[in-house]
Amino acid sequence: MPTDAPIDLLPDAPALPSEENRPVQGLLLDVDGPIASPETRTVPPGIITDLLLLAAAGWPVVFNTGRSDHFIRTQVMQSMLDVGIPAGVTFHAVCEKGGTWFSFTADGAGEVFVDQGLALPTSFADDIRDLVEEKYAHLMFFDETKLAMVSVEQSLAAKNAEYLEGQAHFDNDVFNVMHSHDMGVRRLERDEPDSAGEVGYRIDPTIISTDIESVRVGKDLGAERALTLVAPLMDLPHTWRTVGDSRTDYAMADYLHEQGFDVAHVDVRPADGIPDKPYEVVTEGPLIHEEAGAAFFARCVASLSWNAGGPDGVARH
């Protein structure tokens, strides 16, 4: 899914790595689940350290998430800055499933870009905010940090079982709001076109949220943007590992495989079912969510041939 939206290039981008230091593989990472705990919404320190070590080794690390840029800056970037991002390392974050993106270094975040062609109408977002406040505030909150999509998320005080029960009613109410705006919408197998017979939007429920988004966004669009962000800074590695916790995250690996890359997908919640794919699917035994992610990143770090202290002053955990 090509886009004409501008790409964020930091003015102080590092020079291309020398031939002998070219990256071994690229990492394209969902955030909720494999990195941030679905329960606490925070990132374990060990994952932060390992991602810093891998990036310092020349591995391109790109976050490909439905989360907002605000979440990445506060929960991921700031933790990395606190530990210390090595000089010359650039991380990239493709947020809102390709709707927004930015890059960050030891100097902090670059400009956040928004593909306005994918953004939902403000009037619709206002109606969803009102719906949450009137009927569902005991279960969820309206995510004020989203710039392209409209999202609600389970409140930390709510029990997940109660949230999921309420989510079904909320999603049905969203259909009614979208009808009032003449917005054609899809949720799973249910399609309700607009007055022109088109379906331009999607209701995407997860275990802790509902995203309302353009049908053009997705983890495949995020993967395309990821390659466009990495390519100006280094030769793209042929080998990539994608990591996610939902079936939609496989779209990252699907896109890379279709582009001819050597890819494997790490599924940190395989109990939802592992689809038949033309590439390798990796699991971490009985571990799930951020514990599985941590185990995978630790194995990646173990594959590096550095001394115990790590490069550029980044300490091992």
Side-chain angles (χ1 to χ4, degrees), residues 1 3 5-10 13-14 16-17 22-36 43 47-48 50-69 71-73 75-77 79-80 85-86 88-106 108-113 115 217-246 248-259 261-266 268 293 296-297 300-301:
M1 285 183 282
T3 177
I7 294 297
D8 180 16
L9 297 180
L10 297 179
L16 291 174
R22 290 173 63 181
V24 176
Q25 65 183 28
L27 296 176
L28 190 54
L29 311 174
D30 179 36
V31 174
D32 273 329
I35 294 177
V43 183
I47 289 179
I48 294 295
D50 282 348
L51 292 179
L52 287 169
L53 286 165
L54 294 167
W59 293 26
V61 177
V62 186
F63 304 101
N64 185 16
T65 178
R67 285 289 189 178
S68 67
D69 67 281
F71 184 90
I72 299 300
R73 286 186 284 111
Q75 297 300 325
V76 180
M77 183 189 78
S79 295
M80 290 182 165
I85 297 177
V89 168
T90 299
F91 290 94
H92 306 287
V94 181
C95 306
E96 301 188 46
K97 303 175 189 175
T100 69
W101 61 95
F102 72 103
S103 302
F104 62 92
T105 68
E111 182 178 355
V112 177
F113 288 93
D115 189 333
V217 304
K219 292 304 181 74
D220 50 349
L221 176 61
E224 180 193 12
R225 291 213 196 277
L227 296 183
T228 310
L229 288 164
V230 172
L233 306 183
M234 61 178 66
D235 291 337
L236 291 173
H238 180 63
T239 301
W240 286 80
R241 296 294 177 261
T242 60
V243 186
D245 73 330
S246 69
T248 56
D249 288 323
Y250 279 83
M252 297 187 283
D254 292 344
Y255 177 83
L256 292 172
H257 177 76
E258 291 166 1
Q259 299 304 308
F261 292 96
D262 174 14
V263 63
H265 182 70
V266 182
V268 303
F296 171 71
F297 299 133
C300 290
V301 169

Closest heavy-atom pair, Ile85 versus Ala106, reported as atoms and distance to 0.1 Å, is O-CB, 3.5 Å
What's the verdict on side-chain contact (heavy atoms from CB on, under 4.5 Å) for Thr65 and Phe71, showing C-alpha distance, side-chain angles and the deciding distance?
-> CA-CA 10 Å; Thr65 178; Phe71 184 90; over 6 Å; no
Heavy-atom distance under 4.5 Å between the side chains of Asp30 and Val243, does that happen here?
no
#### Entry: Check: Phe63 and Cys95 side chains under 4.5 Å, non-hydrogen atoms
no
**Asked** Do the non-hydrogen side-chain atoms of Leu227 and Trp240 ever get within less than 4.5 Å of each other?
**Response** yes
Ignoring hydrogens and angles, tell me if any N or O in the side chain of Lys97 forms a donor-acceptor pair with the backbone of Leu221 under 3.5 Å. no
Next on the checklist: Keeping Asp249 on the side-chain end and Ser246 on the backbone end, is there a donor-acceptor pair under 3.5 Å?
Outcome noted: yes
Side chain proximity check, Thr100 to Ser68, heavy atoms < 4.5 angstrom:
no
Task: Heavy-atom side-chain contact between Ser79 and Val43 under 4.5 Å - done: no
In this structure, CG of Asp50 is separated from CG of Leu53 (nearest 0.5 Å) by 6.0 Å
task: Taking the side chain as every heavy atom from C-beta outward, state whether Glu96 and Val217 have any pair of such atoms under 4.5 Å apart.
output: no
Within the 4.5 Å heavy-atom criterion, are Gln25 and Cys300 side-chain neighbours or not? yes
Between the CG atom in Asp220 and the CD atom in Glu258, the distance rounded to the nearest 0.5 Å is 8.0 Å
So CG of Leu29 and NE2 of His92: to nearest 0.5 Å the spacing works out to 12.5 Å
Taking every heavy atom of Leu28 against every heavy atom of Ala226, the minimum-distance pair comes out as CD1-CB, 3.6 Å
Looking only at heavy atoms, the pair that brings Leu52 and Pro86 closest together is CD2-CD, 4.1 Å
Notebook entry, point to check: Where does the angle between the aromatic ring planes of His238 and Phe261 fall among parallel (under 30°), tilted (30 to 60°) and perpendicular (over 60°)?
Noted result: tilted
Note to self: Less than 4.5 Å apart, side chain to side chain, heavy atoms only: is that true for Met77 and Phe91?
What the structure shows: no
- Please work out which of the three classes, parallel, tilted or perpendicular, describes the rings of His265 and Tyr250, given edges at 30° and 60°. tilted
Looking only at heavy atoms, the pair that brings Leu51 and Ile35 closest together is CD1-CD1, 4.3 Å
Closest non-hydrogen contact found for Pro60 with Val230 is CB-CG1, 3.9 Å
d(Met80 CE, Ile48 CD1) to nearest 0.5 Å is 4.5 Å
Smallest heavy-atom separation, Gly98 atom then Arg225 atom, equals O-NE, 2.6 Å
Taken to the nearest 0.5 Å, the spacing of Thr239 OG1 from Trp59 CH2 works out to 9.5 Å
Here the gap from His257 atom NE2 to Thr242 atom OG1, rounded to the nearest 0.5 Å, amounts to 12.0 Å
